[in-house]
Amino acid sequence: MIQSPHLRPVTALRPLTTAHLAQTMTLLEMNAAELDQKIEADLASNPALEIKDTRCCPQCRRPSLESGLCPRCNASHNLSKDEPIIFVSPRQDFYRPGVPIQEDLPEDNLPQITEDLPTYVLRQIAPELPPNDRRLAAYILSNLDEDGLLEVPLVEVSRFHHVPLSRVEAVLGLIQRADPVGVGSPSPQEAMLAQLEVLAETQPVPPLAEQAIRVGLDLLSRHQYVELGRLIGAPSRQVEQLAHFISDNLNPFPGRAYWGDIRQGKGVSPPVYTFPDVVITPLTESLEPILVVEVVSPYAGMLRINPLFRQALNQAPSDRADQWRSDLEQAELLVKCLQQRTHTFVRLITRIAILQREYILHGDEYLQPLTRACLADELHLHESTISRAVASKTVQLLNGHIVPLAKFFDRSLNVRTALKQIIAQETNPLSDSQIVGLLKCLGYSVARRTVAKYRAMEGILPSHFRQNHQMHENS
DNA sequence: CTATGGCACGGATT
DNA sequence: AATCCGTGCCATAG
């Protein structure tokens, strides 16, 4: 149900209300990229629609206001910092933050396709892959579990595709060396071995590491150094260093904690999402900047009913009249629904920008736990409307990271980052219940059990598998 | 006895 | 109506 008291006379539509509602819902669910496609399709098939010329802002090429400048360049600098500047911008490719505006964007600068883990990996290895092995690779990658490990036995893959096992292994070898190193391995053990191998190419690794992982991974994870030392023939002191090295550098679950956090890491962070639906930038560089929130909505303000078409309707050939009339109605409906969609979305994002200002400026730790229901109540919308509006949309933050809009509704992110900080700073491993105490001091009240779950989510090992962070570096 | 993981329940989310 | 998430209770390992 759309019910919005502040809404313009959109309510005074037509007897089309059911169709209107239905389409608004559908549109609301789409993100910018999908909407773009949809509108392009409509433009192509419906002669009643046309694109109206718009003037561009001379400074940034966004469509301009009456004054000639766009809302951003036109904004005065002495507004209240609590009031974000919000405006709607029609096309993603008019403007790319951080990238100087160019007349022609080079080919490889165009929007990336939305990538999930399998696609991301596939793109990396495709060049090295013989064409007939591509399907094989794609098949393997589509059978990864959420940890980035292969769920299906290799033999089965080979049988399914009627190729020798050796070929499957060769392809898998390539996959394992692609970016989340170790991805696609059949077991944590193999993942770690692959990582070790890659690591060895750039830096020295302890000679016994490989053996330790091969024969004693379970001992390693249980901290049973003496036992392990006996097994691989090394003093327990050396084994301890070994364990330290392993837990610092290797990750048994290559796919985990990979999508969430895009840190400086080693390489460049992979672009995971397409163009964002919202771009947030500071108006000026300062500690307490005014936020500029740009809502990307394809063709916003550029779409209208072709006036010529409307005129021509009267003189329509009788056999075509019905068709034309329905085209016109559809076009009108689309335009109204789009207005409705942007309006709802703008109200939503405005509220979010105000409520989550601290988060936008200062990062994960300051994210307010916010529920859709609560926002729905404030905006007098139905919660399902919020859900639809939030679904599958992304926001680009000040630091250039693109995150799903749903992240603004994450109930536990702030606690999880606090937890990560605690663990990063700990000198010796803290137990979960000790962490509960520390979190409580910070004002986060969570159950002991929950801390364990958060750890798992972040890919942090249990305390007895973690190492003292004070001593460091082997020779 | 302490630290964790597993299972299941209730409320929130979609 | 189906699913996800935080939590409590219990079993297990050290």
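Only heavy atoms go into these numbers, but all of them, side chains included; no hydrogens, no water, no symmetry mates. Just so we're on the same page: letters track the sequence lines, and every chain starts at 1.
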Give the rounded distance in Å between these two atoms: [atom1] of [X] and [atom2] of [N].
X         : N       : atom1 : atom2 : result
Arg455(A) : dA3(B)  : CZ    : P     : 12 Å
Ile435(A) : dT2(B)  : CD1   : P     : 17 Å
Asp410(A) : dT13(B) : CG    : P     : 11 Å
Asp432(A) : dG6(C)  : CG    : C1'   : 15 Å
Asp377(A) : dT13(B) : CG    : P     : 12 Å
Lys440(A) : dT7(C)  : NZ    : P     : 10 Å
Phe465(A) : dG5(B)  : CZ    : P     : 12 Å
Asn414(A) : dG6(C)  : CG    : P     : 11 Å

For nucleotides 6-11 of chain B, give me one character per nucleotide, 5' to 3': B if any protein heavy atom sits under 4.0 Å from the base, S if the only such contacts are to the sugar-phosphate, - if neither. BBB---

Distance check: side-chain N/O of [X] vs OP1/OP2 of [N], anything under 4.0 Å?
X         : N       : value
Tyr454(A) : dC5(C)  : no
Ser463(A) : dA3(B)  : no
Ser431(A) : dA3(B)  : yes
Ser433(A) : dA3(B)  : yes
Ser384(A) : dT13(B) : no

Let me know which of Gln421(A), Gln434(A), Arg466(A) forms a side-chain hydrogen bond (donor to acceptor under 3.5 Å, both in side chains) with Glu426(A). Arg466(A)

By side-chain hydrogen bond (donor to acceptor under 3.5 Å, both in side chains), Glu210(A) pairs with (sequence neighbours left out) Arg214(A)

State which residues pass salt bridge (charged side-chain N to carboxylate O under 4.0 Å, His left out) with [X]; sequence neighbours excluded, sorted by chain then number.
X         : value
Arg351(A) : Glu378(A)
Arg177(A) : Glu197(A), Glu201(A)
Glu29(A)  : Arg388(A)

Residue list, ring pair (Phe, Tyr, Trp, His ring centres under 6.0 Å) with Tyr366(A), at least two apart or on another chain: His362(A)

Taking for Pro462(A) and for Cys374(A) the nucleotide of DNA chain B with the nearest heavy atom, the one nearer the 5' end belongs to Pro462(A)

Before accepting this row, confirm whether a basic side-chain N of the pair Asp410(A)/Arg416(A) lies closer than 4.0 Å to the acidic partner's carboxylate O. yes

